[in-house]
Protein chains: 2
Amino acid sequence: MPDAEYRDIRKLDLFSQMADEHFTSLMRGAYVQNFPAQIELTTEGEPSDFLHIVLSGSVDLFSEWNGRDTSMATVRPVSTFILAATIKDAPNLMSARTLEKSRIALIPSQDVRTIFDLDSSFARAIVTELAQCYRSVIKAQKDLKLRTSLERLANYLLRQLKHADGSATFELGFEKRRLASVLGMTPENLSRAFKGLQPYGVAVNGTHITIDDQADLERFAKPNPLIDDFST
Amino acid sequence: MPDAEYRDIRKLDLFSQMADEHFTSLMRGAYVQNFPAQIELTTEGEPSDFLHIVLSGSVDLFSEWNGRDTSMATVRPVSTFILAATIKDAPNLMSARTLEKSRIALIPSQDVRTIFDLDSSFARAIVTELAQCYRSVIKAQKDLKLRTSLERLANYLLRQLKHADGSATFELGFEKRRLASVLGMTPENLSRAFKGLQPYGVAVNGTHITIDDQADLERFAKPNPLIDDFST
DNA sequence: CTCGTTTATTGATCTGGATCAAGTCATTTG
DNA sequence: CAAATGACTTGATCCAGATCAATAAACGAG
């Protein structure tokens with residue numbers, strides 16, 4: 001594994017505090033692999049053999065039931081996924097597929113569980129990470145249950161705008177059809193929702209979004225830190 | 001605190017493995033209180049000063065936004081809530097109110113965080129508990145995004161039936177209006193959904209549910225362990 | 001027990017969002 | 001470069017579920 005990647009992983013909250021010896025031991029069993037786009041990395045229902053870390057590219061977490069499917073979240077570098085299943089040694093609840101060419105580190109789940117028992121700093125970091133994940137899903141659920149699709153889109157755009165701070169424009173990171181699924185709507189409806197936000201100064205050109213008047217959009221979207229602030 | 005309750009709490013997965021000394025220390029700072037029905041125990045957005053444990057009665061976790069509100073979950077004895085906020089020392093994402101006369105133990109969050117740092121068995125138990133919570137919310141989200149309201153109700157009934165094992169009948173634990181909110185629908189629609197399940201052998205009499213032919217209902221509901229099995 | 005209040009049901013109507021069907025681009029492939 | 005493929009958009013229509021309105025039934029307080 002290249003040094004730069006080794007250090008990127010080490011810098012993750014999950015690994016930054018643990019003993020050197022244990023981190024090295026984890027990395028010894030790990031391997032890094034390049035995947036093309038649209039490769040299924042894990043399948044829901046299967047045991048989780050590896051903790052995954054996205055080093056570059058992006059990964060879609062999705063689920064299926066009775067012929068329907070839905071995107072649950074998108075994982076971007078550098079962060080991990082399937083942590084809960086790894087820790088519980090339980091089947092994955094979601095499938096994962098690469099959205100683009102991606103570089104992924106794989107750490108055998110058994111190793112993670114072993115080091116988890118040995119290193120209490122690591123155990124503590126896992127607690128923090130899991131608590132964060134839990135709270136993120138609760139927020140997503142509130143978003144789904146309390147808002148209409150137009151409101152979800154408006155708030156989504158405002159959250160993205162915050163990342164691209166300063167500028168009034170940003171790029172949608174991925175296809176609109178996937179955004180639609182993440183937001184719990186159909187692609188057709190997403191198109192219409194974008195139109196529905198035009199009166200609030202939202203302009204779309206391909207994947208390029210412009211927001212004329214953030215305050216105006218906020219008056220409509222009513223963002224709330226208990227739903228939209230992913231850092232707390 | 002009565003001995004019986006002390007032992008009930010000790011038996012919880014979260015506390016069963018930790019050192020006696022630490023458990024005693026936690027319990028020293030804790031206190032137990034009886035609340036009448038419809039009392040708000042915590043409010044979303046407020047800091048979480050106490051880890052709560054429901055000893056008897058039941059508690060509704062709910063959220064509000066822009067004049068709308070929704071039930072997120074019901075907590076029944078004996079279990080804890082607001083664990084993630086306690087650990088992260090972050091604001092509560094949900095409000096909690098008693099549904100009936102309830103007995104609640106309150107452990108100062110600061111104490112929980114202190115013992116968490118001292119006792120690695122406790123830390124490990126918290127990881128397991130949080131992973132469990134996380135996976136439950138993911139399942140709830142899949143339920144919401146992949147199923148119609150009729151399918152959600154059918155699967156809810158089948159899950160309840162599993163708890164009351166053997167019997168083909170059981171009692172709804174709470175008001176239908178709350179069930180409606182938990183399932184993400186209106187009370188009116190819940191009434192209609194119950195009617196919609198009559199062809200599959202579901203009969204309702206007040207809060208008393210009878211399911212003639214479980215296999216028939218399952219053919220419609222298509223329950224799936226990755227959504228409906230709360231134990232994994 | 002009785003009155004008043006809340007909850008549950010039922011019917012009528014409305015609407016957000018899904019589905020179906022074309023048509024337009026942009027990208028890939030032979 | 002042409003044909004094919006797949007994403008996006010737009011319009012027409014449909015449907016699940018919300019809302020509104022009116023009882024009916026259950027519950028609680030006096």
Side-chain angles (χ1 to χ4, degrees), chain A residues 36-38 60 65-71 97 99-101 143-156 171-199 202-209 220-221, chain B residues 36-39 60 62 65-71 97-101 143-157 171-199 202-209 220-221:
Chain A
Q38 305 303 335
D60 181 40
W65 179 79
N66 196 27
R68 298 163 215 169
D69 69 292
T70 186
S71 280
R97 79 185 138 213
L99 289 173
E100 53 191 309
K101 201 162 160 302
D143 193 45
L144 264 179
K145 288 185 85 174
L146 291 168
R147 288 174 170 162
T148 65
S149 59
L150 200 58
E151 291 164 343
R152 289 200 294 279
L153 175 60
N155 280 293
Y156 176 86
E171 293 292 321
L172 238 45
F174 44 73
E175 294 162 305
K176 287 184 188 154
R177 57 202 302 270
R178 182 164 337 284
L179 175 58
S181 184
V182 169
L183 293 177
M185 57 206 285
T186 56
E188 293 96 324
N189 243 314
L190 178 61
S191 270
R192 292 177 189 118
F194 271 121
K195 285 206 159 172
L197 291 180
Q198 273 177 13
V202 175
V204 190
N205 192 322
T207 63
H208 189 78
I209 311 287
F220 168 75
Chain B
Q38 305 302 335
I39 290 292
D60 181 40
F62 67 101
W65 180 78
N66 196 25
R68 299 163 216 168
D69 69 292
T70 186
S71 281
R97 77 184 142 214
T98 53
L99 288 172
E100 54 190 310
K101 202 163 160 304
D143 193 44
L144 264 179
K145 288 184 85 174
L146 291 168
R147 287 173 171 164
T148 66
S149 59
L150 201 58
E151 290 164 344
R152 288 199 295 279
L153 175 60
N155 281 292
Y156 176 86
L157 296 178
E171 293 293 320
L172 237 45
F174 45 73
E175 295 162 304
K176 287 183 187 153
R177 59 202 301 271
R178 183 166 336 284
L179 175 59
S181 184
V182 169
L183 294 177
M185 57 205 288
T186 57
E188 294 96 324
N189 242 314
L190 178 61
S191 272
R192 293 179 188 116
F194 272 121
K195 286 205 160 173
L197 291 180
Q198 273 177 14
V202 175
V204 190
N205 193 323
T207 63
H208 190 78
I209 311 287
F220 168 74

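Letters go in sequence order (proteins before strands), and every chain restarts at 1. All values below come from the heavy atoms of this structure, side chains included, with hydrogens, waters and symmetry mates left out. A quick note: this is a predicted structure, and the numbers were derived from the prediction, not measured.
Here Gln198(A) pairs with Lys195(A) under the side-chain contact (heavy atoms from CB on, under 4.5 Å) rule; sequence neighbours left out.
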Evaluate the criterion side-chain contact (heavy atoms from CB on, under 4.5 Å) for residue pair Thr70(B) and Trp65(B); output intermediate values, then yes/no. CA-CA 9 Å; Thr70(B) 186; Trp65(B) 180 78; over 6 Å; no
Verdict with reasoning, Asn66(A) to Leu146(B), per side-chain contact (heavy atoms from CB on, under 4.5 Å): CA-CA 8 Å; Asn66(A) 196 27; Leu146(B) 291 168; over 6 Å; no
Leu179(A)/Tyr156(A) under side-chain contact (heavy atoms from CB on, under 4.5 Å): CA gap, chis, key distance, verdict: CA-CA 10 Å; Leu179(A) 175 58; Tyr156(A) 176 86; 3.5 Å; yes
Taking it one step at a time, do Arg192(B) and Leu150(B) satisfy side-chain contact (heavy atoms from CB on, under 4.5 Å)? CA-CA 9 Å; Arg192(B) 293 179 188 116; Leu150(B) 201 58; over 6 Å; no
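Contact check on Arg68(B) versus Glu151(A) returns a salt bridge, with a Lys/Arg side-chain nitrogen under 4.0 Å from an Asp/Glu carboxylate oxygen.
Look at CD on Glu175(B): it is 14 Å from C1' on dA25(D), rounded to the nearest Å. Look at CZ on Arg177(B): it is 16 Å from C1' on dA25(D), rounded to the nearest Å. The CG-P distance, from Asn205(B) to dA25(D), rounds to 13 Å in whole Å. Here the P atom of nucleotide dT9(D) and the CE atom of Met185(A) are 11 Å apart, to the nearest Å. Here dA18(D) presents its P atom at 13 Å from CZ of Arg68(B), a figure rounded to the nearest Å. Rounded to an integer number of Å, the gap from Lys176(B) NZ to dA25(D) C1' is 11 Å.
In the region residues 188-199 of chain A, proximity to DNA chain D at under 4.0 angstrom, judged on heavy atoms, holds for Glu188(A), Ser191(A), Arg192(A), Lys195(A).
The closest donor-acceptor contact from the side chain of Ser149(A) to the backbone of Met185(A) lies at 3.5 Å or more, if one exists at all.
Counting only heavy atoms from C-beta outward, the side chains of Pro36(A) and Lys101(A) never approach each other to under 4.5 Å.
Between the CG atom in Leu183(A) and the CZ atom in Arg152(A) there is a gap of 6.5 Å [rounded to 0.5 Å].
Toward the 5′ end of DNA chain C lies the nearest nucleotide of Gly206(B), the other residue of the pair Thr148(A) and Gly206(B) mapping further downstream.
At a threshold of 4.0 angstrom between heavy atoms, the contacts of Thr186(A) include nucleobase atoms, whether or not backbone atoms are also involved.
Mapping heavy-atom proximity under 4.0 Å, the span of DNA chain C touched by chain B runs 5' to 3' from dT7(C) to dA12(C).
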